[in-house]
Each structure stands twice: as structure tokens, then as C-alpha cells.
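If you read the sequence from its start, that first residue is 1, and numbering goes on from there.
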Amino acid sequence: QVQLVESGGGLVQAGDSLRLSCAASGRTFSRLAMGWFRQAPGKEREFVAVIGWSGGTRYYSDSVKGRFTITRDNVRNTVYLQMNSLKPEDTAVYYCAADAQRVIPSIRTYDYDYWGQGTQVTVSS
């Protein structure tokens, strides 16, 4: 069992930055691949960024590559998403997710076993 709690969302202007945090509890954090996904109104939940157990393997969606960075702290059991140069199209609820099965992190939503409740990010133009 894993519990995930996101924080750090808010209302910002285009070009601003935010850092999202996801605190995990319930099992050994270092054995979990972690991911960030987002869902905008009327859209399917989509892959944003994922990170493997050690933090060495990371994948990003094309839409955020070069602007967002996913990192993890296995001592604090926390994964982060640093979001720079935010655009209005980044507006969405951002969800943290954990995968207990794969060493190489998956970009597929359905491969993740645990989910947080989400945090709202709104970017105005």
C-alpha cells in the first residue's frame, strides 16, 4: 500500500515557474518508479514525466521537454516536478503516480498502481 500526496500547485502567469512535490508513504520509496501525469478539462489523462528507482532513467513528453524536470529524493520519500516557462496549455490537474513493478519507468497511465489526489495548476496568459 502506498499513499501519495501532491502539493505546490497554484495560479501563475505564463512564463512563471512552479515546483510540485509528491510525498510518498506506506512502503519502500526507493523501489517505486514514479511519474507525473496531468489532465485538463475535457482531455484524457496524459503522461508528463517519469523517473526510475535510482533517478537515473527519466522520460518526458515532447510538450514539456526542456521546460520541466523530474527529480526524486529517496531519503525524504519525495518526487518533484520543476516546471519552468509555463504556458497556458500547461493548465491541468497534475497527478503523482507510483509503479511498484517495473524497473524501467512506463509512460502508460494504466501501468501505475497508486495515485495521489492531484493538485491544480493554472497558467494565465
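In plain terms, the two heavy atoms of Gly52 and Arg72 that are nearest each other are O-NH1, 2.7 Å. Annotation for Arg58 and Thr71: closest pair NH1-CG2, 3.9 Å, computed over non-hydrogen atoms. Ala14 and Pro88 make their closest contact through CB-CD, 4.1 Å (heavy atoms, listed as atom of the first residue, atom of the second, distance). When every heavy atom of Thr78 is checked against every heavy atom of Ser21, the shortest pair comes out as CG2-CB, 4.3 Å. Nearest heavy atoms, Leu32 versus Trp53: C-CD1, 3.5 Å. Scanning both residues, Thr119 and Gly9, for their nearest heavy atoms gives OG1-N, 3.2 Å.
For the disulfide bond (SG atoms under 2.5 Å apart) condition, the pairs that include at least one residue of residues 47-108, sequence neighbours left out, are Cys22-Cys96.
Residues Leu20 and Trp36 have side chains in contact (heavy-atom distance under 4.5 Å, counting atoms from C-beta outward). Counting only heavy atoms from C-beta outward, the side chains of Arg38 and Glu46 approach each other to under 4.5 Å. Under the 4.5 Å side-chain criterion, counting only non-hydrogen atoms from C-beta, Ile70 is not in contact with Tyr80.
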Next on the checklist: Please evaluate residues Tyr94 and Leu18 with respect to the criterion side-chain contact (heavy atoms from CB on, under 4.5 Å), reporting the C-alpha separation (whole Å), side-chain torsions for both, the decisive distance (0.1 Å), and the verdict.
Outcome noted: CA-CA 12 Å; Tyr94 283 71; Leu18 281 174; over 6 Å; no
Item to check | Stepwise side-chain contact (heavy atoms from CB on, under 4.5 Å) check, Asp113 with Val2 | outcome: CA-CA 9 Å; Asp113 305 298; Val2 176; over 6 Å; no
Next on the checklist: Could you go through Val48 and Leu81, starting from their C-alpha distance and side-chain angles, then the distance that decides it, and tell me whether this counts as side-chain contact (heavy atoms from CB on, under 4.5 Å)?
Outcome noted: CA-CA 10 Å; Val48 175; Leu81 185 68; 4.2 Å; yes
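Interatomic distance, Asn77 CG to Ser25 OG, rounded to the nearest 0.5 Å: 8.0 Å. Taken to the nearest 0.5 Å, the OG1 atom of Thr69 stands 11.0 Å off from the CE atom of Met83. Within the model, atoms CD1 of Ile51 and CG of Asp99 stand 13.5 Å from one another, a figure rounded to the nearest 0.5 Å. Taking OG of Ser17 as the start and CZ of Arg19 as the end, the distance is 12.0 Å to the nearest 0.5 Å. For the atom pair CG (Leu4) and OH (Tyr114), the distance works out to 9.5 Å, reported to the nearest 0.5 Å. Going from atom CD of Gln3 over to atom CD of Gln117 covers 11.5 Å, rounded to the nearest 0.5 Å.
Between the side chain of Thr91 and the backbone N or O of Val123 there is at least one donor-acceptor pair closer than 3.5 Å.
Side-chain contacts under 4.5 Å among hydrophobic residues (ILVMFWY), followed directly or transitively, place Tyr59 together with Phe37, Phe47, Val50, Val93, Tyr95, Ile104, Ile107, Tyr112, Trp115.
When the salt bridge (Lys or Arg N to Asp or Glu O under 4.0 Å) test is applied to Arg67, the partners found at least two apart in sequence or on another chain are Asp90.
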